[in-house]
Amino acid sequence: MNFNAISLSQLPALLCAMPKTELHIHIEGSLEPELIFELAKRNQVRLNYPSVDALRSAYAFTDLQSFLDIYYAGASVLQHPQDFYDMAWAYFLRAKADNVVHAEIFFDPQTHTERKVSMRTVISGLHQACVDANEKLGMTSSLIMCFLRHLSEESALETLEQSIPFKDLLIGVGLDSSERGHPPEKFERVFKRAQQLGLRAVAHAGEEGPPAYIWSALDVLRIERIDHGVQAIHDAVLLQRLAKERVPLTVCPLSNLKLCVFSELKQHNLGQMLEQGLCVTVNSDDPAYFGGYINENFLQTFAALNLNASHAYQLACNSFEAAFVDASQKQAWRTQLDACFQTYGA
Ligand code: HPA
Ligand code: ZN
């Protein structure tokens, strides 16, 4: 591939056009304020904000917790399978427009079961949207059920048991919510049981928490991908291991910026980690809250870090490599990617 043939002025269009997977998207974080208001009306839920604009202007975060408080409040409008469907369908339309070929979607059942919304309601609505995305948009997807780490091990174990009837509709489990003070090892038994059930495993680690949480996600939980992982930069031995084992990191630059993990996008370490041979990928995390879907993450990060077409190619390849799909599917996407780059003269 001749990356030098692609000029800087072509790069934004190429970033948007290239096929990519999205592996770090919380579906509740794709709930736009307009849809929150529509669902609140439909379900007669009272919101603490008088208008869409008032809600949107509350999206000024200082850290992860300040975001989570408002994110869980937004999710309270979701009550029926159709609500979950509508939320996921809106995401799929956005992802399709960004040339996402495959999405692995996080959802937080405890946010809903704690409000007496059943596991069946949550999963049936999301799953139907996945089926329709495949049939109508030609996009594949799978669901990853996340445990809220600020809740107890017992609650996570119970959630896992409740999901067993729907196990075949899930690809894996994850771990999210407030990181500091809730190390991965709190959930050792939960992840062991999930893996015995045949589920894949990922975990948020090293977003705000220390590199030690990345080590224990790998060695105690035996996860296959790290979500965020940007704090690995402070541990040279860990960086070497991540590079050597090609452990994927699902990085979310605009999320890191909005939650003040980096003070400016220019300070982000995505480019450094890519140069050091890590399998980093670009993702949107909670796009309705952080100011952009996946292509916006690519565009702003490439502009801030002066990345080029070769980096774009590597990031797309990494997004295929890191996906929970078989090798022939990855090869098919790679062929699509090469064809796309060739249309830009590479
Ligand atoms: N980190 C932890 N938990 C989350 C996030 C995140 O970025 N988004 C939604 N839940
Ligand atoms: Zn996340």
Side-chain angles (χ1 to χ4, degrees), residues 20-30 64 100 102-111 123 126 130 140-151 153 156-157 159-160 163 167 169-179 182-209 211-232 238 241-242 245-252 255-256 273 278-286 294 318-326 330:
K20 53 188 76 79
T21 75
E22 175 148 60
L23 306 176
H24 187 158
I25 161 78
H26 300 262
I27 202 65
E28 294 91 344
S30 74
L64 175 57
V100 171
H102 172 80
E104 298 184 2
I105 294 176
F106 294 143
F107 68 104
D108 287 339
Q110 288 155 298
T111 302
I123 295 183
L126 296 179
C130 293
T140 55
S141 59
S142 41
L143 295 173
I144 298 179
M145 180 176 77
C146 288
F147 304 109
L148 299 181
R149 68 203 303 158
H150 68 277
L151 300 179
E153 179 200 32
L157 279 169
T159 300
L160 182 58
S163 75
K167 185 170 73 71
L169 305 183
L170 307 177
I171 189 91
V173 294
L175 186 63
D176 64 3
S177 186
S178 323
E179 187 179 9
H182 301 286
E185 46 273 37
K186 179 173 163 187
F187 298 95
E188 179 175 4
R189 286 186 289 196
V190 184
F191 273 65
K192 196 163 185 191
R193 170 99 176 104
Q195 284 159 328
Q196 282 165 351
L197 290 167
L199 293 164
R200 315 288 294 256
V202 301
H204 283 55
E207 177 182 15
E208 286 185 342
Y213 286 16
I214 302 177
W215 284 104
S216 60
L218 291 168
D219 292 333
V220 180
L221 300 188
R222 307 204 159 277
I223 53 87
E224 298 173 72
R225 290 197 301 249
I226 296 282
D227 297 311
H228 293 295
V230 291
Q231 302 302 333
L238 177 58
R241 173 174 179 188
L242 295 171
E245 295 180 10
R246 297 281 303 159
V247 178
L249 263 53
T250 62
V251 177
C252 308
S255 164
N256 295 151
M273 294 196 295
L278 275 74
C279 184
V280 290
T281 63
V282 169
N283 307 270
S284 68
D285 208 8
D286 301 283
I294 191 167
N318 289 352
S319 84
F320 306 149
E321 180 183 342
F324 292 146
V325 300
D326 64 29
K330 293 180 189 189

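What you see is a predicted model; the values in this text were computed from it and never measured.
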| remark: All heavy atoms of Cys130 vs all of Leu143, minimum pair found to be SG-CD2, 4.0 Å

| field | Any side-chain heavy-atom pair of Met273 and Val251 under 4.5 Å | value | yes

| message | Checking Glu188 now: which residues fulfil salt bridge (charged side-chain N to carboxylate O under 4.0 Å, His left out) with it, not counting sequence neighbours? | response | none

| task | Kindly give the heavy-atom pair with the smallest separation between Leu23 and Ala322, and that separation in Å. | result | CD1-CB, 3.6 Å

| Partners of Ser284 by side-chain contact (heavy atoms from CB on, under 4.5 Å), sequence neighbours excluded? | Glu22, Ile25, Pro287, Asn297

| said: Side chains of Tyr213 and Gln231, heavy atoms from C-beta outward: is any pair under 4.5 Å? | reply: no

| note | Here the gap from Glu207 atom CD to Glu179 atom CD, rounded to the nearest 0.5 Å, amounts to 6.0 Å

| note | Sequence neighbours excluded, the answer for side-chain hydrogen bond (donor to acceptor under 3.5 Å, both in side chains) partners of Glu104 is His102, Arg225

| said: As an exercise, state the distance from CD1 of Ile223 to CG of Leu175, rounded to the nearest 0.5 Å. | reply: 10.0 Å

| message | Using a 3.5 Å distance criterion without hydrogens, assess whether the side chain of Lys330 forms a donor-acceptor pair with backbone atoms of Ala323. | response | yes

| remark: Tightest non-hydrogen contact, residues His150 and Ser178, listed as CB-OG, 4.0 Å

| said: Looking at every non-hydrogen atom in both residues, tell me the closest pair between Ser177 and Leu64 and how far apart they are. | reply: O-CD2, 3.8 Å

| query | With sequence neighbours left out, what residues match Arg222 under side-chain contact (heavy atoms from CB on, under 4.5 Å)? | reply | Gln195

| note | Sequence neighbours excluded, the answer for salt bridge (charged side-chain N to carboxylate O under 4.0 Å, His left out) partners of Glu185 is none

| query | Considering residues at least two apart in sequence or located in another chain, which fulfil the side-chain hydrogen bond (donor to acceptor under 3.5 Å, both in side chains) criterion with Ser255? | reply | Asp285

| Can you tell me how far CZ of Phe107 sits from CG of Asp176, rounded to the nearest 0.5 angstrom? | 11.0 Å

| Which residues satisfy the side-chain contact (heavy atoms from CB on, under 4.5 Å) test with Ala194, sequence neighbours excluded? | Leu160, Val173, Leu199

| message | To check you understand the geometry: which heavy-atom pair defines the closest contact between Phe187 and Pro183, and what is its length? | response | CD1-O, 4.3 Å

| message | Is there a side-chain contact between Val100 and Thr21 in this structure, where contact means two heavy atoms from C-beta onward sitting under 4.5 Å apart? | response | no

| Pro248 vs Glu321 side-chain heavy atoms within contact, under 4.5 Å | no

| query | Among Asn318, Asp227, Thr281, Asn283, which one satisfies side-chain hydrogen bond (donor to acceptor under 3.5 Å, both in side chains) with Thr250? | reply | Asp227

| query | Should Thr159 and Val190 count as side-chain neighbours, where that means a heavy-atom distance under 4.5 Å? | reply | no

| Can you find a heavy atom in the side chain of Ile144 that is under 4.5 Å from one in the side chain of Val202? | yes

| What are the two closest heavy atoms between Arg246 and Leu278, and how far apart are they? | NH1-C, 3.9 Å

| message | Using the ring-ring contact (aromatic ring centres under 6.0 Å, His included) criterion, which residues pair with Phe106? Sequence neighbours excluded. | response | His24, His26, His204

| field | Partners passing salt bridge (charged side-chain N to carboxylate O under 4.0 Å, His left out) against Glu28 (at least two apart in sequence or in another chain) | value | none

| request: Mind checking side-chain hydrogen bond (donor to acceptor under 3.5 Å, both in side chains) for Thr111 and listing every partner two or more places apart, or none if nothing turns up? | output: none

| message | Within this structure, what is the CE-CD distance for the pair Met145 and Gln110, rounded to the nearest 0.5 Å? | response | 8.0 Å

| Taking the side chain from Lys186 and the backbone from Arg149, do they hold a donor-acceptor pair closer than 3.5 Å? | yes

| query | Mind checking whether Ile105 and Leu126 have side chains closer than 4.5 Å, heavy atoms only? | reply | no

| request: For Asp286, check side-chain hydrogen bond (donor to acceptor under 3.5 Å, both in side chains) against everything at least two apart and list the hits. | output: none

